[in-house]
Amino acid sequence: MALPSVWSVMRVAIPFLSVVGLLSVRLVGAGQDSGSVIPAESRPCVDCHAFEFMQRALQDLKKTAYNLDTRTETLLLRVEKRGLCDCFRAIH
């Protein structure tokens with residue numbers, strides 16, 4: 001079973017997270033009544049929330065990339081070890 005590369009995961013994940021972020025911003029804006037006015041001091045900063053969301057998503061992507069990289073390295077070491085063991089058995 002081949003593992004997807006980090007770049008292919010990020011190529012899919014970044015646009016997906018961007019779309020989710022944009023949709024969540026639209027949903028937050030759609031929840032306000034058109035007749036009510038909320039003072040600027042008490043309104044949540046949508047840009048700040050979007051930034052925090054994207055920051056958490058980026059941290060999750062970094063963790064996923066690290067885990068994939070570590071897993072790939074472990075699998076490569078196993079293959080190398082297996083190849084060395086097979087080579088050693090063939091010599092002796």
Side-chain angles (χ1 to χ4, degrees):
M1 180 172 119
L3 293 175
S5 70
V6 173
W7 294 116
S8 65
V9 170
M10 290 183 72
R11 209 177 307 138
V12 172
I14 290 175
F16 174 76
L17 291 173
S18 298
V19 169
V20 170
L22 289 173
L23 288 175
S24 66
V25 169
R26 282 190 179 173
L27 290 175
V28 168
Q32 295 180 357
D33 293 333
S34 60
S36 63
V37 176
I38 300 173
E41 302 85 36
S42 63
R43 276 185 290 189
C45 175
V46 175
D47 290 337
C48 296
H49 290 301
F51 178 77
E52 290 171 358
F53 172 80
M54 293 304 284
Q55 199 172 26
R56 284 193 301 270
L58 182 60
Q59 288 173 350
D60 291 344
L61 279 174
K62 285 180 181 178
K63 287 179 187 175
T64 302
Y66 175 78
N67 289 339
L68 284 173
D69 188 46
T70 303
R71 180 74 177 148
T72 302
E73 188 174 330
T74 302
L75 290 173
L76 286 173
L77 288 174
R78 284 185 189 170
V79 168
E80 288 177 2
K81 182 180 175 185
R82 185 177 300 155
L84 288 173
C85 290
D86 292 344
C87 181
F88 183 74
R89 286 187 204 127
I91 293 173
H92 294 284

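Everything numeric in this text was worked out from a predicted model, so none of it was measured.
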- Reported CD-to-CG distance for the pair Q55 and D60, which is rounded to 0.5 angstrom: 11.5 Å

- Rounded to the nearest 0.5 angstrom, the OG1-CG distance for T64 and D69 is 12.5 Å

- Quick one: side chain to side chain contact (heavy atoms under 4.5 Å, CB included) partners of R82, sequence neighbours excluded? D86

- Query: Can F53 and R56 be said to form a side-chain contact (heavy atoms from CB on, under 4.5 Å), step by step?
  - Reply: CA-CA 5 Å; F53 172 80; R56 284 193 301 270; 4.3 Å; yes

